[in-house]
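Nothing fancy with the numbering, it's 1 onward along the sequence. For clarity, every value in this text was computed on a predicted model and none was experimentally measured.
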Amino acid sequence: MEQHQDPKNPNQALDSATQKKHASMLERLSNLQQTRLQQSLARKSDSVSGPSFESTQSFLTRFSNSKRSIESQLAGARLTSDPQRRSDLQQISTSIADLEKLVAENSYYLPSYEIRSALKSVSELKQTLDNLNSELLPKKKFSFRNKGTKKEPSNAPEEKEVGNADLQPKLVFSIPDTPGFRNKEGELLVKDFRGSDIGEFTISDLDSCEVRLSGCVRTIFIHRLKNCRVFAGPVSGSILIEEVEGCVFVLASHQIRIHYAKGSDFYLRVRSRPIIEDSNGVRFAPYCLCYQGIEEDLKDSGLDEETGNWANVDDFRWLRAVQSPNWSALPENERIGTVNISNLETRSEES
């Protein structure tokens with residue numbers, strides 16, 4: 001019996017010690033996992049409360065506050081004196097533009113209904129401002145068109161007022177005072193953002209030009225282009241496009257919004273669904289740009305993976321369940337090949 005019990009007692013003691021060590025190890029692992037979970041939740045909380053407004057509720061709160069502020073400014077515009085009135089209305093215009101930019105920059109995570117609702121509110125604010133401009137401000141002396149030059153002066157302001165009213169609702173964003181290409185015709189315009197600290201870039205009022213942009217930038221504004229070709233490297237934020245006709249765009253961005261485009265082709269890589277509004281005859285295809293170092297630029301901008309969203313276009317002027325007639329996928333046999341913009345010298349300076 002002694003020979004049977006002597007080895008048993010050490011085994012029992014050994015099993016007990018092993019179980020204690022195992023339980024202690026499990027407890028340490030559990031505590032470690034709990035700590036990591038808490039750190040993860042804290043990071044997510046910081047992200048939501050940060051400047052990117054990565055939640056619908058935080059966006060709606062800020063949008064609502066800004067909207068109420070603009071409405072208050074609009075209501076008080078009639079009470080200001082004439083010298084101050086023009087400055088106040090210009091400030092309101094800037095505030096409305098900032099509000100619409102807020103919608104565009106956060107559209108990639110907002111539900112479609114919230115985007116439509118926000119854009120409708122912005123449109124109503126712009127219309128109210130347009131009415132105030134027509135009612136309170138003297139008619140401007142300049143005109144974009146030469147209509148009515150032979151008419152009596154008393155009739156000329158009315159002619160200009162109609163023209164300006166037609167153009168005013170089209171303004172999706174104010175043209176910012178940023179580096180960019182402006183007022184060019186028939187030129188090759190080249191810019192390399194690598195090594196620069198440019199955050200926003202503007203392409204405005206070009207006719208029959210070709211624009212080639214390499215490197216990363218945060219935002220691109222494109223305004224009033226005709227018969228142009230624009231090839232751009234990755235944009236880490238948003239691209240806002242307005243009033244373009246007969247153009248070709250090769251663009252990569254997290255958000256892309258297109259307003260008043262006609263007969264233009266868009267080759268896109270985009271994280272969220274592209275948005276078009278008041279556009280027709282626009283066609284879409286996948287991104288096809290190449291230059292030395294583009295793979296690294298795409299990765300740094302979070303655009304290294306093809307999402308296929310170039311074919312998932314939201315037309316905010318077409319609310320029916322069937323396909324919008326305003327856009328289509330570009331047939332493969334009509335697409336341009338890969339465009340390589342490496343080793344090109346700048347032929348025009350920024351303005």
Anything under 3.5 Å between a donor and an acceptor, one on a side chain of residues 295-304, the other on a protein residue two or more places apart or in another chain? List them.
unit_1: D297; atom_1: OD2; unit_2: Y291; atom_2: OH; d: 2.8
unit_1: S301; atom_1: OG; unit_2: D297; atom_2: O; d: 3.0

### Query
In terms of side-chain heavy atoms, does S58 have a donor or acceptor partner in S55 at a distance below 3.5 Å?
yes

### Message
Between K226 and D207, does any side-chain N to carboxylate O distance fall below 4.0 Å?
### Response
no

### Task
With sequence neighbours excluded, tell me which residues meet side chain to side chain contact (heavy atoms under 4.5 Å, CB included) with D197.
none

### side-chain hydrogen bond (donor to acceptor under 3.5 Å, both in side chains) between T128 and E124, intermediate numbers included
CA-CA 6 Å; T128 302; E124 291 170 351; over 6 Å; no

### Query
Within a strict 4.5 Å, meaning less than it, do heavy atoms of the I198 and K191 side chains meet?
yes

### Query
Can L213 and I203 be said to form a side-chain contact (heavy atoms from CB on, under 4.5 Å), step by step?
CA-CA 11 Å; L213 309 176; I203 304 170; 4.0 Å; yes

### Task
Mind checking the CD1-CD1 spacing from I276 to I258? Nearest 0.5 Å is all I need.
7.0 Å

### Query
Does the side chain of R68 pick up a donor-acceptor pair with the side chain of S72 at under 3.5 Å?
no

### Task
Identify the two heavy atoms, one from E306 and one from R269, that lie closest to each other, and give their separation to 0.1 Å.
OE1-NE, 3.6 Å

### Task
State, with a plain yes or no, whether a side-chain heavy atom of V250 is found less than 4.5 Å away from one of V230.
no

### Query
Does the S279 side chain pair with the main chain of E277, one donor and one acceptor, at a distance under 3.5 Å?
yes

### Query
Can you tell me how far SG of C209 sits from CZ of R229, rounded to the nearest 0.5 angstrom?
12.5 Å

### Query
Residues two or more places apart in sequence or in another chain: which of them pass side chain to side chain contact (heavy atoms under 4.5 Å, CB included) with S324?
D315, W318, N326, W327

### Message
Going by side chain to side chain contact (heavy atoms under 4.5 Å, CB included), name the residues that satisfy it together with S123, two or more places apart in sequence or in a different chain.
### Response
none

### Query
Does the side chain of E210 reach to within under 4.5 Å of the side chain of L188, using non-hydrogen atoms?
yes

### Message
Against S238, only a single residue in H254, R257, Q255 fulfils side-chain contact (heavy atoms from CB on, under 4.5 Å); can you say which?
### Response
Q255

### Task
Check for a donor-acceptor pair, side chain of S93 on one end and backbone N or O of L89 on the other, with a separation under 3.5 Å.
no

### Task
Answer yes or no: is there a side-chain heavy-atom contact under 4.5 Å between L60 and E114?
yes

### Task
Could you tell me whether a side-chain N or O of S66 sits under 3.5 Å from a main-chain N or O of S64, the two making a donor and an acceptor?
no

### I241 side, atom CD1; R224 side, atom CZ - distance, nearest 0.5 Å
15.5 Å

### Query
For L125 and K67, what are the C-alpha separation, side-chain angles and deciding distance, and is it a side-chain contact (heavy atoms from CB on, under 4.5 Å)?
CA-CA 8 Å; L125 291 173; K67 179 173 176 285; 4.3 Å; yes

### Query
Checking side-chain contact (heavy atoms from CB on, under 4.5 Å) for the pair L206/S204: CA distance, chi angles, key distance, verdict?
CA-CA 6 Å; L206 305 185; S204 176; over 6 Å; no

### Query
Without hydrogens or angle criteria, can the side chains of N133 and D130 be said to hold a donor-acceptor pair below 3.5 Å?
no

### Task
Kindly give the heavy-atom pair with the smallest separation between S208 and C228, and that separation in Å.
N-SG, 3.6 Å

### Check against side-chain contact (heavy atoms from CB on, under 4.5 Å), S214 and F231
CA-CA 8 Å; S214 55; F231 308 108; over 6 Å; no

### Query
Does S342 use its side chain to pair, donor to acceptor, with the backbone of Q292 at less than 3.5 Å?
yes

### Query
Between L289 and I294, which heavy-atom pair has the shortest distance, and what is it?
O-CD1, 3.5 Å

### Message
My understanding is that only residues two or more places apart in sequence, or in another chain, count here; which of them pass side chain to side chain donor-acceptor pair (under 3.5 Å) with N333?
### Response
none

### Task
Answer yes or no: is there a side-chain heavy-atom contact under 4.5 Å between V190 and F181?
no

### Query
Of the non-hydrogen atoms in C216 and F193, which two are nearest, and what is the gap between them?
O-CB, 3.3 Å

### Query
Taking side chain as C-beta onward, heavy atoms only, is F201 less than 4.5 Å from T219?
no

### Query
Can you tell me how far CD1 of I92 sits from CG of L132, rounded to the nearest 0.5 angstrom?
7.0 Å

### Query
Is it true that the side chains of R62 and N65 contain a donor and an acceptor less than 3.5 Å apart?
no

### Query
Going by heavy atoms in the side chains, are I275 and I256 under 4.5 Å from each other?
no

### Task
Kindly give the heavy-atom pair with the smallest separation between V248 and Y267, and that separation in Å.
CG1-CE1, 3.9 Å

### Task
Rounded to the nearest 0.5 Å, what's the gap from CG on L119 to NZ on K126? Could you check?
8.5 Å

### Query
Is the shortest side-chain N to carboxylate O distance from R182 to D205 below 4.0 Å?
no

### Query
Quick one: are the ring centres of F249 and F266 less than 6.0 Å apart?
yes

### Message
So which atom in G215 and which in R194 form the shortest heavy-atom distance, rounded to 0.1 Å?
### Response
CA-CG, 3.7 Å

### Task
Please identify each residue that fulfils side chain to side chain donor-acceptor pair (under 3.5 Å) with E332, with sequence neighbours left out.
none

### Task
Determine whether L268 and P274 make a side-chain contact, defined as any pair of heavy atoms from C-beta on separated by less than 4.5 Å.
yes

### Task
Working to the nearest 0.5 Å, report the span between OG of S328 and CZ of F284.
8.5 Å

### Task
Return yes if a side-chain donor-acceptor contact under 3.5 Å exists between E242 and H259, otherwise no.
no

